[in-house]
Number of protein chains: 2
Amino acid sequence: MTGGGVKRHYLNMFKDMRRPEVLKNEKRITKGDLTRDRIFTVALNLFREKGFEGTTMREVAAAANMSLGAAYYYFASKEAIVLGYYEKVQEEHELRLAKGLETSKDFRERLGVVMHSKLDILKDDRGLMSALFRFFGNPKHPLSIFAPETRIFRSSAIAVMEQAIGDEKMPPDLREIAPQLLWVMHLGFLFYFIYDESPGQEKSHRLVDGALDVVMNLLTVARLAVMKPFRGKLIKLMKDAGLLIPREEARPMLAEAVEV
Amino acid sequence: MTGGGVKRHYLNMFKDMRRPEVLKNEKRITKGDLTRDRIFTVALNLFREKGFEGTTMREVAAAANMSLGAAYYYFASKEAIVLGYYEKVQEEHELRLAKGLETSKDFRERLGVVMHSKLDILKDDRGLMSALFRFFGNPKHPLSIFAPETRIFRSSAIAVMEQAIGDEKMPPDLREIAPQLLWVMHLGFLFYFIYDESPGQEKSHRLVDGALDVVMNLLTVARLAVMKPFRGKLIKLMKDAGLLIPREEARPMLAEAVEV
DNA sequence: GTCTATACCGAGATAGAC
DNA sequence: GTCTATCTCGGTATAGAC
């Protein structure tokens, strides 16, 4: 992230971020698509073996049997590769939930499916996740959690929470903010998760279950008609702070891919 | 964060982190202490002017009239300088609160003083804060929010929340977790703050006030005897997850400095 | 359009002479 | 305690082969 001459040019960071999966639906798979895929796969393996910081682009290029320049031809930076991974995670999450969410009728159970499956997907890649966390606090960086460039991941993940809520009985005002509140909680889980060295990250899974139970308790209270003024305050607070994402912006990622 | 040869050696990152303020209380001020101070001051000015990423150690060294190697003799890395800044912030916060907290009898008011004064202290240094946020998600890094190396800042900040609570009437179990909950909320404020481009970061201050009002509402409910089982669940959850810091660990930083 | 080869830059960091 | 020289790294740039 540091080296390199002259000015950073973040905006040019993603030369072509379309995923292999999407490309398959298009006219034809070019040779370059395969090469891009090879770099991507090889890089992720290296990241898992030696960590993100510990892997150089030169190693990636070497492992993919090509020159440094060729690797940079496809990925503008090391981080761009990681972003591609994040995209894959979100897709995998949505795929798993497509099956899991339908079979479970209970709201609490659906929330559990959402959270646990996310951790399952990430179980071997906590190091990678922590590499991504680096950018969360940097508003100027395109990999930041609030950057325009990552909007699609953010809104897709929030849409997943909406799906989990489904038609669970809930006052409309609460329904408006619930997906985002769940999403923030999910971020908290991820944060705990990457720090969690317990075998199989069992502590994280226990935390998820305990927290969800508490949430269900909170929900039964929050649902009460008496609580409406309080809910109103909370919503106003979030709106004034610009923390409420318009619902139409929250949509699953796979839906976008198909639409192309 | 990236460049540099061979292996990182995080453990050796802080060659001598004792602050100038503390050193003044010791036998004598060596020439090296002055040099260290000069580097520190010059570096912070550069960071404010050109940002953290935009400032090179070579510039810092040049501005302090010394060689690159000499600068590295005092600070093992660019980040180590920033950590020194964070230490200064915590001290400044405690100093301001020493006056502010005594005069205000109302709990809500005291919380406001704590949160607003923190933002005031940081108002010109949002870029620096975001540089610090980079490490929060990396469990292996000593600048991480959960690393042993930053324990003192963490516990000092929590101790501040304890001070703000003071002898406010509160069930003992709630009193046990309240400081940490407030601290986490305070982290949320900081996160919003570094993203907040509104003039004077007025939106952040409004968010603080709105959120604290909501907290006071929550508190009146949480205090009720009926809520005891619920509080118990929450505490058990935090304890099981290892998220409860023993209270004796939470103490103001200035107290430690004096104690030496 | 895809890729190699290579030279170059500036960054953070280090070793060892003084 | 300080400096010079040097290392590795990430990234840029370019010329040219296929």
Side-chain angles (χ1 to χ4, degrees), chain A residues 1-16 23 26-39 42-43 46-47 50-82 131 134 141 143, chain B residues 1-16 28-39 43 46-47 50-62 64-82 131 134-135 141 143:
Chain A
M1 271 316 305
T2 42
V6 232
K7 274 277 145 292
R8 276 307 85 65
H9 56 289
Y10 287 147
L11 294 181
N12 240 359
M13 184 168 234
F14 313 107
K15 296 191 165 165
D16 181 0
L23 291 166
E26 294 182 357
K27 318 296 184 255
R28 63 171 198 278
I29 303 177
T30 67
K31 193 179 164 197
D33 295 331
L34 293 175
T35 309
R36 155 185 295 271
D37 222 10
R38 200 167 81 239
I39 299 172
V42 157
L46 281 174
F47 290 161
K50 321 176 51 172
F52 177 74
E53 308 267 5
T55 306
T56 70
M57 277 298 269
R58 280 160 178 82
E59 284 172 327
V60 171
N65 288 315
M66 66 183 61
S67 72
L68 174 66
Y72 273 109
Y73 178 76
Y74 289 101
F75 291 94
S77 72
K78 213 163 58 158
E79 281 80 19
I81 304 180
V82 177
R134 297 192 354 176
H141 200 286
L143 294 189
Chain B
M1 266 318 302
T2 41
V6 232
K7 275 279 146 285
R8 279 303 86 66
H9 57 287
Y10 286 148
L11 294 179
N12 239 0
M13 183 167 236
F14 313 107
K15 297 191 167 168
D16 181 359
R28 64 172 196 276
I29 303 175
T30 67
K31 191 181 164 198
D33 296 330
L34 292 175
T35 310
R36 152 183 297 270
D37 220 11
R38 200 167 80 240
I39 299 172
L46 282 174
F47 290 160
K50 322 177 50 170
F52 177 73
E53 308 268 5
T55 305
T56 69
M57 280 297 271
R58 282 165 176 81
E59 286 172 325
V60 171
N65 287 315
M66 65 182 62
S67 73
L68 175 65
Y72 271 105
Y73 176 79
Y74 289 100
F75 292 94
S77 71
K78 210 161 67 158
E79 282 81 17
I81 304 180
V82 178
R134 295 189 359 173
F135 308 111
H141 200 287
L143 293 190

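Order of the sequence lines sets the chain letters (A, B, ...), proteins ahead of strands, with each chain counted from 1.
B:F47 places its CZ atom 9 Å from the P atom of C:dG12, with the value rounded to the nearest Å. If you measure from atom OH of A:Y72 to atom P of D:dT12, you get 7 Å, rounded to the nearest angstrom. Rounded to a whole Å, the NZ atom of A:K78 is 12 Å from the C1' atom of D:dT8. The interatomic distance linking A:F75 (CZ) with D:dT12 (C1') rounds to 19 Å, in whole Å.
Pairing each heavy atom of A:A63 with each of A:V42, the nearest pair is CB-CG1, 3.3 Å. Shortest non-hydrogen contact noted between B:T55 and B:L46 is OG1-O, 3.3 Å.
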Can you tabulate the close N/O pairs, meaning under 3.5 Å, that link protein atoms to atoms of nucleotides 15-18 of chain D?
none

Please produce a list of atom pairs where a protein N or O lies less than 3.5 Å from an N or O of nucleotides 2-4 of chain D.
from: D:dT2; atom 1: OP2; to: B:Y74; atom 2: OH; distance (Å): 2.3
from: D:dC3; atom 1: OP2; to: B:S67; atom 2: N; distance (Å): 3.0
from: D:dC3; atom 1: OP2; to: B:S67; atom 2: OG; distance (Å): 3.2

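Listed by chain and number, the residues in a side chain to side chain donor-acceptor pair (under 3.5 Å) with B:S67 amount to none (sequence neighbours excluded). Applying the side-chain contact (heavy atoms from CB on, under 4.5 Å) test to A:T56 and every residue at least two apart in sequence or in another chain returns A:R58, A:E59. In this structure, the side-chain contact (heavy atoms from CB on, under 4.5 Å) partners of B:A131, at least two apart in sequence or on a different chain, are B:F52.
Counting heavy atoms from C-beta outward, A:F75 and A:V60 have side chains that stay 4.5 Å or more apart.
To the nearest 0.5 Å, atom CZ of residue A:R36 and atom CD1 of residue A:I39 are 8.0 Å apart. Interatomic distance, CE of A:M57 versus CD1 of A:I81, reported as 4.5 Å (0.5 Å rounding).
For C:dG10, its base never sits under 3.5 Å from the side chain of B:R58 at any donor and acceptor pair.
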